[in-house]
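Below is one structure, written out as structure tokens; the observations come after it.
Atom set for the values below is all heavy atoms of this structure, side chains included, hydrogens, waters and symmetry mates excluded. Chain letters run A, B, ... following the sequence lines, proteins first and then strands; every chain starts at 1.
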2 protein chains.
Amino acid sequence: MAGTHRTDPEADALELGAVLRALADEHRRAVMVELAADRGDSERGCHSFDLPISKQTQTHHFRVLREAGLIDEIDYGNRKGIRLRRADVERRFPGLLALLEAESVRRLDRATGD
Amino acid sequence: MAGTHRTDPEADALELGAVLRALADEHRRAVMVELAADRGDSERGCHSFDLPISKQTQTHHFRVLREAGLIDEIDYGNRKGIRLRRADVERRFPGLLALLEAESVRRLDRATGD
DNA sequence: CTTCAGGTACGACTTGCATCGTACCTGAAG
DNA sequence: CTTCAGGTACGATGCAAGTCGTACCTGAAG
């Protein structure tokens, strides 16, 4: 628990434009859909999303999500942790995470039986 | 009432990605914020949004909104009408329009007293 | 120490897209 | 008919952004 938390914008300073631009990208949205569906809000390694892109690009995407105020990045020096800012996002944009969670269900439905 | 309605995707075929990409643009989001705030859902001319862009670009933006399934375009040949697909959007993405309406309130607050 | 995996910084490349110029269409008004 | 405003089609342009290559840093394991 020696991680340094990096939280960019304050809770009530989140801008809708930045959030929507962040969610417009397919890979970033995939990350947010997974995070929104995990009700436990467990800290996740950025390696656990299986993104089909290079690690430099992943760094870029997680930075965008952090600067939009959607996630925290916990820096362990060597590793990095990702955590959804559920309370802040839900307070500023109530219902947004529910939309992403619904998308998760929709994807699972498409995966099993169509 | 001789307008030809142009409705692109069916109600349950709206894709979250297309919707978020459409809302990521500042001008398109301004249009949607106004539409979401108008509970009367009156048909509006695309001239009534005071967008600081050329008419060709406006044509482009309204096309994106229509293809995303957010609005209908009523073609009068000479003119054009814009109408929010409130019921369809609300059924497919419950809470989304509320987020946009909240943004409208936030903008009004910023305009009057900060 | 060396080695290695995870992550970042910087730069280059490429794609997407917002924007507009030109030309054309449509319907209404003179 | 002509004129004009609203709208579209097509192409060109400029900029933002996603992507990756190279190099470097950090901490853990041998």
Side-chain angles (χ1 to χ4, degrees), chain A residues 1-8 15-33 35 42-83, chain B residues 1-8 15-33 35 42-83:
Chain A
M1 185 58 184
T4 301
H5 288 253
R6 290 188 180 175
T7 305
D8 258 27
E15 294 185 6
L16 182 60
V19 169
L20 292 177
R21 276 191 299 272
L23 294 177
D25 180 81
E26 186 181 7
H27 296 136
R28 290 194 294 260
R29 194 168 61 252
V31 170
M32 289 301 300
V33 164
L35 288 175
S42 57
E43 180 179 324
R44 305 195 38 177
C46 29
H47 201 216
S48 67
F49 295 99
D50 281 334
L51 297 177
I53 50 181
S54 66
K55 57 180 183 176
Q56 308 97 299
T57 305
Q58 290 192 29
T59 296
H60 165 66
H61 284 314
F62 286 121
R63 170 199 284 262
V64 172
L65 289 176
R66 173 173 54 84
E67 291 180 344
L70 293 172
I71 64 170
D72 276 346
E73 287 185 300
I74 303 97
D75 183 15
Y76 297 105
N78 203 4
R79 278 185 204 179
K80 191 173 62 174
I82 301 295
R83 177 170 287 147
Chain B
M1 189 57 185
T4 301
H5 288 252
R6 290 188 179 174
T7 305
D8 258 27
E15 294 185 5
L16 182 59
V19 169
L20 292 178
R21 277 191 298 273
L23 294 176
D25 179 82
E26 186 182 7
H27 296 135
R28 290 194 294 259
R29 194 168 61 253
V31 169
M32 288 301 299
V33 164
L35 289 175
S42 57
E43 181 179 324
R44 303 193 43 175
C46 30
H47 202 218
S48 67
F49 295 99
D50 281 335
L51 297 177
I53 51 181
S54 67
K55 58 180 184 178
Q56 307 96 301
T57 306
Q58 291 191 29
T59 296
H60 165 67
H61 284 316
F62 286 119
R63 170 199 283 261
V64 172
L65 289 176
R66 172 173 55 84
E67 291 180 345
L70 294 172
I71 64 172
D72 276 346
E73 287 185 299
I74 301 96
D75 184 14
Y76 296 105
N78 204 3
R79 277 183 205 180
K80 190 173 63 173
I82 300 296
R83 178 170 288 147

> What are the two closest heavy atoms between A:Phe62 and A:Ile71, and how far apart are they?
Replying inline: O-CD1, 3.7 Å
> For B:Lys80 and B:Cys46, which heavy atoms make the closest approach, and how far apart are they?
Replying inline: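 Scanning both residues completely, I find the closest heavy atoms to be CE-SG, 3.4 Å.
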Would you tabulate the side-chain donor-acceptor contacts of residues 16-27 of chain A under 3.5 Å, counting partners in other chains and residues two or more places apart, or write 'none'?
{"from": "A:Asp25", "atom 1": "OD2", "to": "A:His27", "atom 2": "N", "distance (Å)": "2.9"}
{"from": "A:Asp25", "atom 1": "OD2", "to": "A:Arg28", "atom 2": "N", "distance (Å)": "3.1"}

> Just the endpoints, please: which first and last nucleotides of DNA chain D, 5' to 3', lie under 4.0 Å from a heavy atom of chain A?
Replying inline: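 Here the contact window of chain A covers D:dG18 to D:dA28.
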> What salt bridge (Lys or Arg N to Asp or Glu O under 4.0 Å) pairs are there with at least one residue in residues 52-70 of chain B, not counting sequence neighbours?
Replying inline: B:Asp8-B:Arg66, B:Arg63-B:Glu67, B:Arg66-B:Glu73
> Considering only heavy atoms, which members of residues 54-65 of chain A lie under 4.0 Å from some atom of DNA chain C?
Replying inline: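 By residue number: A:Lys55, A:Gln56, A:Thr59, A:Arg63.
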Rounded to the nearest 0.5 Å, what's the gap from [atom1] on [X] to [atom2] on [Y]? Could you check?
X: A:Ile82; Y: A:Leu65; atom1: CD1; atom2: CG; value: 8.0 Å
X: A:Arg29; Y: A:Met32; atom1: CZ; atom2: CE; value: 11.5 Å
X: B:Ile53; Y: B:His60; atom1: CD1; atom2: NE2; value: 9.0 Å

>> Set out, in order, the CA-CA distance, both residues' side-chain angles and the distance that settles side chain to side chain contact (heavy atoms under 4.5 Å, CB included) for B:Thr4 and B:Ile74, then state yes or no.
In response: CA-CA 5 Å; B:Thr4 301; B:Ile74 301 96; over 6 Å; no
>> Under the rule for salt bridge (Lys or Arg N to Asp or Glu O under 4.0 Å), what residues qualify as partners of B:Arg6, not counting sequence neighbours?
In response: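 Scan of B:Arg6 (salt bridge (Lys or Arg N to Asp or Glu O under 4.0 Å), adjacent residues dropped) gives B:Asp75.
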>> Once side-chain hydrogen bond (donor to acceptor under 3.5 Å, both in side chains) is applied, do any residues pair with B:Arg44, and if so which ones, sequence neighbours excluded?
In response: B:Glu34, B:Ser48
>> Could you work out, with side-chain hydrogen bond (donor to acceptor under 3.5 Å, both in side chains) as the rule, every residue matching A:Gln56, not counting sequence neighbours?
In response: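 Testing A:Gln56 for side-chain hydrogen bond (donor to acceptor under 3.5 Å, both in side chains), a comparison that skips the adjacent residues, returns A:Ser54.
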>> Does anything in residues 21-30 of chain A come within less than 4.0 Å of DNA chain D? Heavy atoms only, and list the residues if so.
In response: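 When residues 21-30 of chain A is checked for heavy atoms under 4.0 Å from DNA chain D, the hits, listed by number, are A:Asp25, A:His27, A:Arg28.
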>> Any residue in residues 42-49 of chain A with a heavy atom nearer than 4.0 angstrom to DNA chain D? Just list them by number, or reply none.
In response: none
>> Give me the stems containing DNA chain D, sorted by first residue, counting only three or more consecutive Watson-Crick or G-U pairs with both distances under 3.5 Å; say none if there aren't any.
In response: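 If one scans DNA chain D for consecutive Watson-Crick or G-U pairs, the stems found are C:1-30 with D:1-30.
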>> With side chain to side chain contact (heavy atoms under 4.5 Å, CB included) as the criterion, how do A:Arg83 and A:His5 come out once you've worked through the C-alpha distance, each side chain's angles and the decisive distance to 0.1 Å?
In response: CA-CA 10 Å; A:Arg83 177 170 287 147; A:His5 288 253; 4.2 Å; yes
